[in-house]
2 protein chains.
Amino acid sequence: MSTAEETAGGDQAGWGEVTPDAARRLLIAAVEAFAERGYHATTTRDIAGRAGMSPAALYIHYKTKEELLHRISRIGHEKALEILRTAAAREGTAAERLADAVSSFVRWHAGGRTTARVVQYELDSLGPEARAEIVGLRRQVDAVVRGIIEDGVASGEFEVRDVRGTTLAVLSLCVDVARWFNIDGPWTPDEVGELYADLVLRMVTAK
Amino acid sequence: MSTAEETAGGDQAGWGEVTPDAARRLLIAAVEAFAERGYHATTTRDIAGRAGMSPAALYIHYKTKEELLHRISRIGHEKALEILRTAAAREGTAAERLADAVSSFVRWHAGGRTTARVVQYELDSLGPEARAEIVGLRRQVDAVVRGIIEDGVASGEFEVRDVRGTTLAVLSLCVDVARWFNIDGPWTPDEVGELYADLVLRMVTAK
DNA sequence: GGCCGCTCTAAGCGCCCGCTCACTGTCGGC
DNA sequence: GCCGACAGTGAGCGGGCGCTTAGAGCGGCC
């Protein structure tokens, strides 16, 4: 995997788990609409229209518009967590694992920027309970990256002023890729992933 | 200056140029509302209410709700640009100037996160002409930072794989502070500024 | 003192929002 | 061949939206 599964216009990575077909089409339409205009500026009529259905059809598969965002957000965060956990669990030095984590995480944010934008920037549009659940997933994301950095510090590979602050900065850097990345721009997702892995290693490596 | 001019609840740095008084109160109310809920989820009734006025009063000072966002965005970007230009123009090595630029820029995003959040994340809610103007200001921001990095590369202080990509990463890192920074969290704006200046110098410094 | 100009309000227009409901078409099981 | 189950539709509801308008209050100027 990496970027092969993404298409130019609207990426849709692994929504295969969403069934039935109509529910998946609605969800993909919602991802595209939310990414383009934001949650609040997107109408249920727009989502249904993109999926080739009437506005009422949305409510057969989802209780509310917010449930759509919630489902998108949860699936996206689980995918992000899986990517990071895979990198963290591999064999190798802390530096190799961190580089792997950053490059694959960035690749996901760049290649799947439509999804990533919704997942990372529309959190505040969720209600309190849904948001609390997603915040829990984010804490796990943070813990995985912090774990790698702590390993590197323990082994003497890394030297950082503030583990928690550095972890936050690394994640912030990766996540923000979804905001500025443009598939028509000068870099491929792979190139940004490599550049960022290099930058992050410089941030943590002992001199 | 730095963080002294900010208050705990809703920061308002230098809206002094906005007159008359009622227009300024409306603008500050709009900044707070946009930062909390986003542009599209904010109603003109909410803005007017926060300013202690009737909904209609808004339209005496501003043609539309979008004009409010435009004004906020322009003033904010001009302030950001001024901060970076001041740091870029000072005496010293490229490393000193870059550290100064990053720490003061981050301090502004952390201390004035209410304003910064609107300025940095609501750009897409502007119409085409207004957005084009703001994008122009952003290009100037990018040019200032890229200039410092190029100076450092020319003098041999810095060693980077990709000047343009590194510039983008540095700015992305600073800007994203507005998204996650919390005044009640473990760091002050000054501390984050210092930490980030250190991280950025590591990103660009020759080994 | 009378009038103009400016700021601001109460009321409300027209529109489109999220969502609902009565109904239709279709398809598998007997 | 009929029937229940259910995905999907067309029409439309209550409400809140951005914005407008008619007019009130009031300070400055001759």
Side-chain angles (χ1 to χ4, degrees), chain A residues 15-73 118 122-131, chain B residues 15-73 118 122-131:
Chain A
W15 297 114
E17 64 187 271
V18 182
T19 54
D21 182 67
R24 183 171 52 252
R25 269 161 45 221
L26 283 164
L27 194 117
I28 291 169
V31 169
E32 289 172 5
F34 292 162
E36 266 177 40
R37 307 134 102 96
Y39 175 78
H40 286 293
T42 298
T43 70
T44 54
R45 284 162 177 83
D46 182 26
I47 296 169
R50 284 173 191 250
M53 304 174 83
S54 74
L58 198 151
Y59 294 90
I60 293 164
H61 300 283
Y62 301 96
K63 277 215 306 287
T64 61
K65 178 177 136 182
E66 194 196 318
E67 193 192 323
L68 268 166
L69 178 60
H70 186 190
R71 288 265 255 269
I72 291 166
S73 202
V118 178
E122 298 292 342
L123 177 62
D124 289 342
S125 301
L126 287 171
E129 328 84 50
R131 178 153 77 246
Chain B
W15 297 113
E17 65 188 271
V18 182
T19 54
D21 182 68
R24 183 171 51 251
R25 269 160 46 220
L26 283 164
L27 194 119
I28 292 169
V31 169
E32 288 172 6
F34 292 162
E36 267 176 41
R37 307 134 101 97
Y39 175 79
H40 286 294
T42 297
T43 70
T44 54
R45 286 162 177 82
D46 182 26
I47 296 169
R50 283 172 192 251
M53 304 174 84
S54 76
L58 198 151
Y59 294 90
I60 292 163
H61 301 284
Y62 302 96
K63 276 215 307 286
T64 62
K65 178 176 135 182
E66 193 196 319
E67 193 192 323
L68 267 166
L69 178 60
H70 186 191
R71 288 265 255 269
I72 291 165
S73 202
V118 177
E122 298 292 341
L123 178 62
D124 289 341
S125 301
L126 288 171
E129 328 84 50
R131 177 153 78 246

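Below, chain A is the first sequence line, B the second, and so on; all start at residue 1. All heavy atoms count here, side chains included; hydrogens, waters and symmetry mates do not.
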CD1-CD1 distance between A/I28 and A/I47, expressed to the nearest 0.5 angstrom: 13.0 Å
Inter-residue atom distance A/L68.CG - A/L27.CG, 0.5 Å rounding: 6.0 Å
For atom CD of B/E66 and atom P of D/dC17, their distance in whole Å: 19 Å
Name the pairs: protein N/O against N/O of nucleotides 22-29 of chain D, kept only if under 3.5 Å.
none

Heavy-atom side-chain proximity of A/I72 to A/W15 below 4.5 angstrom: yes
Close side-chain approach of A/R37 and A/D46, heavy atoms under 4.5 Å: yes
DNA chain C: 5'-most and 3'-most nucleotides touching chain A, 4.0 angstrom heavy-atom criterion: C/dC17 to C/dC21
Candidate pair A/R25 and A/R50, rule side chain to side chain contact (heavy atoms under 4.5 Å, CB included), full reasoning: CA-CA 9 Å; A/R25 269 161 45 221; A/R50 284 173 191 250; over 6 Å; no
For [X] versus [Y], what's the shortest heavy-atom pair and its separation?
{"X": "B/P55", "Y": "B/R45", "value": "CG-CG, 3.7 Å"}
{"X": "A/A22", "Y": "A/H61", "value": "CB-NE2, 3.6 Å"}
{"X": "B/T44", "Y": "B/Y59", "value": "CG2-OH, 3.2 Å"}
{"X": "B/A48", "Y": "B/S54", "value": "CB-O, 3.5 Å"}

Those residues that, when tested against B/E66, pass salt bridge (charged side-chain N to carboxylate O under 4.0 Å, His left out) (two or more places apart): none
Neighbours of DNA chain D within residues 34-43 of chain A, by heavy-atom distance under 4.0 Å: none
Nucleic acid contacts of residues 54-64 of chain B, taken as heavy-atom distances under 4.0 Å to DNA chain C: B/S54, B/A56, B/A57, B/I60, B/H61
Under-4.0 Å salt bridge between A/E17 and A/R71: no
Under-3.5 Å donor-acceptor pair between B/R45 side chain and D/dG18 base: yes
Backbone of A/L58 reached by a side-chain donor or acceptor of A/K65 within 3.5 Å: no
When the side chains of residues 123-131 of chain A are checked against the rest of the protein, which donor-acceptor pairs come out under 3.5 Å, sequence neighbours left out?
residue	atom	partner	partner atom	Å
A/S125	OG	A/E122	OE1	3.4
A/R131	NH1	A/L126	O	3.0

